[in-house]
Amino acid sequence: KSISSRAADRTFQALSEFRQPLDNIPGIRVGVAGTRALRAATNSGIFLQRCKEDLGLKVRIISGRREAELAFRAALMSARTKRIVTLDIGGGSAQISLGNGHGIEWTCSLPLGAVAVTEKYIRHDPPRPEELAELRHDLTRLLQRPALNLHKRLKRSSAGFIGIGGSISTLAALLHRTRNSIHNLRLSRREVESLTSQLSRMTTQARARAGIPRGRADIIVSGAVVLCEVMSQLHFPALRICTRGLRHGLALELATGRWR
């Protein structure tokens, strides 16, 4: 699969806007990471070359494990338990990780990002029941092995469950009716399932009117279904919200000289 010229231009414009104010900051370190979309694209090299030549930015395509490590590092900053499981739902992929203050013990990266899932399964607005049923069926199959691996490692020990990413933060903001101070808020599986059911019956426009940001309203149902199924398969009745993510982990590595 290749990156369309429209998507490339949109991403390039965003990078350009981020890049401009950095010229006025002496000695600043800049890190740019590319994730699943660039990992999977057949023409990612063209986009990387454009960023380097026109913006002076070196974009590093990172692996799924590296992506998980950066998000996990960010989640550890405010973890309430010694051992945590993180779920990071991005646009192209989702990472499930287990670890502690010493680092990640186990992780897996799955093609379950909100954008990727929407493009593959959702063909109507609002989505039809059979589309959601197909999605849930495939999620159950895809999550079987990760769930088994995680349960073997946890055994009888406990771990806090932390949710990362725009889909999860948006669901938390809707449930708590605020965009402020959602970091570390608790979401129960029952709350997520109820909200997912409501959102799946609404059109994209109706979701936008309900307060879901532009660019998120069309993919939020997919992200919510993924979250529901992960919580169900991994047997977590609730999670804590982490508003920090990959970019915070990257910033930490830049500050400590680990990003090279």
(request) Take Arg216 and Arg207, measure what side-chain contact (heavy atoms from CB on, under 4.5 Å) needs, and give me the verdict at the end. (result) CA-CA 9 Å; Arg216 181 72 58 184; Arg207 292 179 217 130; over 6 Å; no
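- Of all the heavy atoms in Ala210 and Met202, the pair that sits closest is CB-CE, 4.0 Å.
- Around the CZ atom of Arg123, the shell of radius 6.0 Å holds more than 12 heavy atoms that belong to other residues, nucleotides or ligands.
- With rounding to the nearest 0.5 Å, the separation of CD1 in Ile3 from CD1 in Ile46 is 9.0 Å.
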(message) What verdict does the side chain to side chain donor-acceptor pair (under 3.5 Å) test give for Arg201 and Ser197, after you've listed the backbone C-alpha separation in whole Å, the side-chain angles of each residue and the deciding distance to 0.1 Å?
(response) CA-CA 7 Å; Arg201 296 193 297 269; Ser197 178; 2.7 Å; yes
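- Listed here is the closest heavy atom pair of Arg39 and Ser93: NH2-OG, 3.7 Å.
- Considering Arg136, Lys120, His124 as possible partners of Glu131, the one that fulfils the side chain to side chain donor-acceptor pair (under 3.5 Å) test is His124.
- Of all heavy-atom pairs spanning Leu76 and Asn100, the tightest one is CD1-O, 3.4 Å.
- The heavy-atom pair separating Ala114 from Ile89 by the smallest distance is N-CG2, 4.1 Å.
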(request) Apply the test side-chain contact (heavy atoms from CB on, under 4.5 Å) to residues Asn184 and Ser78: give CA-CA distance (whole Å), side-chain angles for both, the deciding distance (0.1 Å), then the verdict. (result) CA-CA 8 Å; Asn184 265 334; Ser78 56; 4.0 Å; yes
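- Counting heavy atoms from C-beta on, the side chains of Leu70 and Ile62 come closer than 4.5 Å.
- A 4.5 Å side-chain heavy-atom check between Asp88 and Phe72 finds every atom pair outside the cut-off.
- Just one of Leu98, Val230, Thr107, Leu239 meets the side-chain contact (heavy atoms from CB on, under 4.5 Å) condition when paired with Val85; it is Leu98.
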(message) side-chain contact (heavy atoms from CB on, under 4.5 Å), that's the test. Do Val226 and Leu110 meet it? Break it down for me.
(response) CA-CA 11 Å; Val226 170; Leu110 300 166; over 6 Å; no
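- Other residues, nucleotides and ligands contribute over 12 non-hydrogen atoms within 6.0 Å of the CZ atom of Arg65.
- At a threshold of 4.5 Å between non-hydrogen side-chain atoms, the residues Leu254 and Leu252 do not count as touching.
- Legend: salt bridge (Lys or Arg N to Asp or Glu O under 4.0 Å) pairs involving residues 244-255, not counting sequence neighbours, sorted by first then second residue: Arg66-Glu253, Arg73-Glu253.
- Hydrophobic clustering, with ILVMFWY side chains joined whenever heavy atoms are under 4.5 angstrom apart, keeps Trp259 apart from Leu15.
- Proximity of a side-chain donor or acceptor of Arg141 to a complementary backbone N or O of His137 within less than 3.5 Å is not detected.
- Taken from OG in Ser167 to CG in Leu227, the straight-line distance is 8.5 Å, to the nearest 0.5 Å.
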(request) Test side-chain contact (heavy atoms from CB on, under 4.5 Å) on Ser169 and Leu171 and set out the steps. (result) CA-CA 5 Å; Ser169 295; Leu171 293 172; over 6 Å; no
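- Phe18 and Ile25 sit in two unconnected hydrophobic clusters of ILVMFWY residues. Membership requires side-chain heavy atoms under 4.5 Å apart, directly or through other members.
- Minimum interatomic distance between Gly245 and Ala74 (heavy atoms only, all atoms of both residues): O-CB, 3.3 Å.
- Looking only at side-chain heavy atoms (C-beta outward), Ile241 and His183 stay at 4.5 Å or farther from each other.
- Seen from the ring of Phe12, Arg50 counts as a face-on cation partner, given the 6.0 Å and 45° thresholds.
- Between His235 and His151 the shortest side-chain heavy-atom distance falls below 4.5 Å.
- Between Pro146 and Trp106, the closest side-chain pair of non-hydrogen atoms falls below 4.5 Å.
- Within a 6.0 Å sphere centred on CD of Gln205, other residues, nucleotides and ligands contribute 12 heavy atoms or fewer.
- At distances below 3.5 Å, not a single donor-acceptor pair connects side-chain atoms of Gln20 with backbone N or O atoms of Glu17.
- One distance of note links CG of Leu57 with SG of Cys51; it measures 6.5 Å at 0.5 Å rounding.
- Grouping the Ile, Leu, Val, Met, Phe, Trp and Tyr side chains by contacts below 4.5 angstrom, directly or via other members, places Met231 apart from Ile162.
- Considering CZ of Arg240 and SG of Cys242, their distance stands at 12.5 Å, rounded to 0.5 Å.
- Ile164 and Leu174 are assigned to two separate hydrophobic clusters, defined by single-linkage of ILVMFWY side chains at heavy-atom distances under 4.5 Å.
- Ion pairing of Glu67 with Arg36 is absent here, as no side-chain N (NZ or NE/NH1/NH2) approaches a carboxylate O to less than 4.0 Å.
- Under the 3.5 Å distance criterion, with hydrogens and angles disregarded, a donor-acceptor pair is assigned to the side chains of Asp125 and Thr204.
- Residue Leu22 qualifies as enclosed at atom CG: its count of foreign heavy atoms under 6.0 Å is above 12.
- To the nearest 0.5 Å, atoms CD1 (Ile122) and OG (Ser222) are separated by 4.5 Å.
- In this structure, CD in Glu193 is found 5.0 Å from SG in Cys228, a value given to the nearest 0.5 Å.
- Considering only heavy atoms from C-beta on, Leu142 stays 4.5 Å or farther from Glu229 through its side chain.
- The two atoms that bring Arg189 and Phe236 nearest to each other are NH1-O, 3.4 Å, heavy atoms only.
- Using modelled atom types, one finds no donor on one side chain facing an acceptor on the other under 3.5 Å when comparing Gln198 with Ser200.
- Heavy-atom neighbours of Arg145 CZ from other residues, nucleotides or ligands within 6.0 Å: at or below the threshold of 12.
- Between Thr118 and Val221, every side-chain heavy-atom pair lies at or beyond the 4.5 Å cut-off.
- At a threshold of 4.5 Å between side-chain heavy atoms, the hydrophobic network of Ile, Leu, Val, Met, Phe, Trp and Tyr places Leu135 and Leu199 in one connected group.
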